[in-house]
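Ligands are counted one by one from 1 in listed order, and the atoms in each one are counted from 1 as well.
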Amino acid sequence: MPDSAASLLGFDDRDKGLPARLARYRPSHWSRRRFLVAAGSVLAALTILALSFYSFHQSPPPLTLVDEYLPPAHSNRLDALVGPPTQKFRDNLRNDTQYMSSFISAGWTNDVMTYGNLIYLAMITQRVPIIGNFTPSHIGGDAGTVPFSEVFDIDYLSKAIGSPVLEWSDVKDPTSEEIDDLGCWSVWQAVQTRESEPRFTNALELYGLDISYTAGPLSLQKIPGYEHDPHAHFWSIAALTYPSGREAALQPPQPSKVHGALLPPDEQLACFDYLYYVCAHQSFEYEYDLSPAWRFVVKNFRFTSRLQSIAEGYLKRMFGVPEDGPVPPYVAIHARRANDFSVYCGDVPRADCFPTMNVYARRIAEVQEDTRARLGVVPEHVIMLSDERDPGFWDAVRTMGWYTPDHTAEDTVANYGRWYPLLIDAVIQASGLGLVGTDRSTMSLLAGRRVQDWNGGVYLNVKWGTPHADDH
Ligand SMILES: Nc1nc2c(ncn2[C@@H]2O[C@H](COP(=O)(O)OP(=O)(O)O)[C@@H](O)[C@H]2O)c(=O)[nH]1
Ligand SMILES: *[C@@H]1O[C@H](CO)[C@@H](O)[C@H](O)[C@H]1NC(C)=O
Ligand SMILES: [Mg+2]
């Protein structure tokens, strides 16, 4: 039976050996008497608080809102730079501001998510993010790049998140011939076991950045050494941007490609090779409602009004409604069917692997049921968007009475460029009252979240892989 007061309070004497300097932190130091005195004081304080609260209850004191992550003194996003784009990027960095950058190298939606992760990481470390253009991969390497700000309203984004967002073309003159050395962390070398090199990027070619990489610590990986999941946590990476975490992780840098420069990771412009596989809590986190990168950042990637109105023109011509009339409510289907998805079919023939029109029709009916019950609206128009090239597929779509944007007849590529069939399709996927997407497609996923969060609509996915995959 315990007899000391400390034991009665649930403490024991295990830490008697603590040095005197630390003894006051020892729980057993809290004698019963001190506990009673402390409890008395707390009670008194609570009474005073309650009384003052009562006397103020009709006019609560105004709150002072502090924009925690807002880097100081930049209300216009370009104020986060010294001035117009310079020949060498460093000449345009303000000496009172810290920055962050990273690069992309995957399909367009993956790249949107990667920029979202970069911006979120910059927010939580109070740095100004510098993002680059979108680079072509699925649409053909020779298609050229497209600026982020041609797709998304970057001024809106900066205001919405309370932090300036910069593009490389704001920082460094895109026509500059200068090749700037820069020290960056390689997250990729730390989190995956298949390749020894940093993640490939176009940073040299696009921005004239000759990067010397330092491999990140293996502890960046969520499950260190586990070959099937290359995710890292936002805060493990963030730790590298503070002196203590940086010092602890430093190792010899690898030579840059052009100058053979050996540079430790830059402190003013923190940079990382690749931030796609990053999460706060769960791998592939954009799939979950908690996703902070979606909720704090990518939700605010609103299409530019130019792109939105181009897409609305397509919708009106498709539906045969007047140019100055409203677009009727519709449901979009995103059918992802290209070879990078059919490889997952294995031995199952394509026709059995991907969903049939009837499988889509059942999901459309479910979307309509939901909007009827919840919003009192039944979107009758259905639009199919897909990366399928087989004309037989598109014939079947028309047989269902569904609409499709006609990028051939509209001459989209000649009028707007190689990126626009994709961009217009993405806006159409995002602007309906419902999206029926393809399971495991990030393009469906982001479009679906836009439909949910922007339009109050419904997002359902179709499962695929076998003829009965979507049975439910
Ligand atoms: N135009 C057009 N392109 C598509 C469509 N679906 C897929 N693609 C192309 O395929 C790429 C898919 O890669 P990504 O965007 O990363 O999404 P995911 O692979 O589906 O997760 C897109 O970026 C487009 O280039 C579509 O409905 N319309
Ligand atoms: C920072 O830059 C400003 C403006 O160019 C300059 O006046 C100031 O002296 C600089 N401060 C430091 C510490 O270099
Ligand atoms: Mg992809």
Side-chain angles (χ1 to χ4, degrees), residues 72-74 79-83 86 90-98 104-117 133-146 151-152 267-268 274 276-277 284-287 298 301 307 310-311 314 318 332-344 354-355 360 382-390 393-394 397 402-408 410 412-413 416-432 435-451 459 461-462 464:
H74 309 312
D79 290 347
L81 291 167
V82 171
T86 47
R90 218 171 275 283
D91 293 338
N92 210 357
L93 303 187
R94 291 174 57 126
N95 60 17
D96 61 357
T97 303
Q98 291 185 307
I104 52 172
S105 57
W108 178 64
T109 316
N110 294 48
D111 291 344
V112 171
M113 294 158 94
T114 302
Y115 281 146
N117 288 344
N133 284 13
F134 289 114
T135 52
S137 51
H138 288 61
I139 57 166
D142 54 338
T145 67
V146 68
V151 181
F152 298 115
E267 288 179 276
Q268 186 177 18
Y274 194 52
Y276 176 71
Y277 296 103
F284 301 106
E285 193 162 76
Y286 280 94
E287 289 174 27
V298 181
F301 286 10
L307 180 57
I310 292 173
Y314 278 72
M318 206 187 313
I333 306 171
H334 177 227
R336 190 74 162 79
R337 297 170 60 93
N339 292 342
D340 61 336
F341 267 45
S342 57
V343 291
Y344 297 111
F354 287 129
Y360 286 119
V382 175
I383 308 177
M384 174 65 83
L385 295 308
S386 178
D387 52 4
E388 180 61 75
R389 286 156 187 273
D390 172 18
F393 171 84
W394 293 103
V397 168
W402 296 341
Y403 297 83
T404 63
D406 193 339
H407 293 299
T408 312
E410 294 255 12
T412 305
V413 171
Y416 300 107
R418 291 274 293 274
W419 278 89
Y420 279 74
L422 160 65
L423 297 176
I424 291 166
D425 286 4
V427 177
I428 293 175
Q429 288 165 15
S431 305
L435 179 77
V436 174
T438 303
D439 193 38
R440 289 189 267 168
S441 165
T442 59
M443 188 172 179
S444 293
L445 173 64
L446 284 204
R449 297 209 71 154
R450 291 178 180 125
V451 167
Y459 166 41
N461 266 342
V462 163
W464 52 282

Proximity winner for atom 4 (C) of ligand 1, if only heavy atoms of Thr412, Thr404, Asn110, Asp387 are counted: Asp387
Exercise: identify the closest heavy-atom pair between Tyr360 and Pro355: OH-CG, 3.6 Å
Distance from atom 15 (O) of ligand 1 to nearest protein heavy atom, with residue and atom: Thr109 OG1, 2.6 Å
Distance in Å, Ile104 CD1 paired with Thr114 OG1, rounded so as to fall on 0.5 Å steps: 7.5 Å
Full working for salt bridge (charged side-chain N to carboxylate O under 4.0 Å, His left out) between Arg94 and Asp79: CA-CA 9 Å; Arg94 291 174 57 126; Asp79 290 347; over 6 Å; no
Within-shell test, His407 vs ligand 1, heavy atom, strictly < 4.0 Å: no
Residue Ile139 vicinity, atoms of ligand 1 by number, heavy atom under 4.0 Å: 25 (O)
Test item: Thr135 and Asp111 side chains (from C-beta on) under 4.5 Å apart, heavy atoms: yes
Residues Thr86, Asp91; criterion side chain to side chain donor-acceptor pair (under 3.5 Å); working and verdict: CA-CA 6 Å; Thr86 47; Asp91 293 338; 5.3 Å; no
Check: Tyr459 and Arg450 side chains under 4.5 Å, non-hydrogen atoms: no
Side-chain (Trp108) to main-chain (Phe134) donor-acceptor, under 3.5 angstrom: no
Pairwise distance CE(Met384) to OG1(Thr404) - rounded to 0.5 angstrom: 9.5 Å
Under 4.0 Å to a heavy atom of Leu385 - the qualifying atoms of ligand 1, by number: 27 (O)
Nearest non-hydrogen protein atom, atom 11 (N) of ligand 2: Asn95 ND2, 2.8 Å
Test item: protein heavy atom less than 4.0 Å from atom 2 (O) of ligand 2: yes
Which of the ligand 1 atoms, numbered from 1, are nearer than 4.0 Å to a heavy atom of Pro421: 1 (N)
Which residue and heavy atom of the protein sit nearest atom 19 (O) of ligand 1, plus the separation: Arg336 NH2, 2.6 Å
For Ile383 against Pro405, the heavy-atom pair lying closest together: CG2-CD, 4.1 Å
Taking atom 17 (O) of ligand 1 as the reference point, the nearest protein heavy atom with its distance: Thr442 OG1, 3.1 Å
Heavy-atom gap Ala106 to ligand 1 smaller than 4.0 Å: no
Closest protein heavy atom (residue, atom, distance) for atom 24 (C) of ligand 1: Leu422 CD1, 3.6 Å
Any side-chain donor near an acceptor of the partner, Ser105 and Tyr276, under 3.5 Å: no
Pair Arg337 + Asp387: basic N to acidic O under 4.0 Å: no
Side chain proximity check, His407 to Ile424, heavy atoms < 4.5 angstrom: yes
For atom 28 (N) of ligand 1, the protein heavy atom that lies nearest, with its residue and separation: Asp425 OD2, 2.8 Å
Location of contacts on Ser441 toward ligand 1, heavy atoms closer than 4.0 Å: both
Contacting atoms of ligand 1, where contact means under 4.0 angstrom from a heavy atom of Gln429: 27 (O)
Heavy-atom proximity to atom 27 (O) of ligand 1, best of Ala335, Ser137, Ser386: Ser386
Shortest protein heavy-atom distance from atom 25 (O) of ligand 1, along with the residue and atom involved: His138 CB, 3.3 Å
Distance from atom 6 (N) of ligand 1 to nearest protein heavy atom, with residue and atom: His334 NE2, 2.8 Å
Protein non-hydrogen atom found under 4.0 Å from atom 5 (O) of ligand 2: no
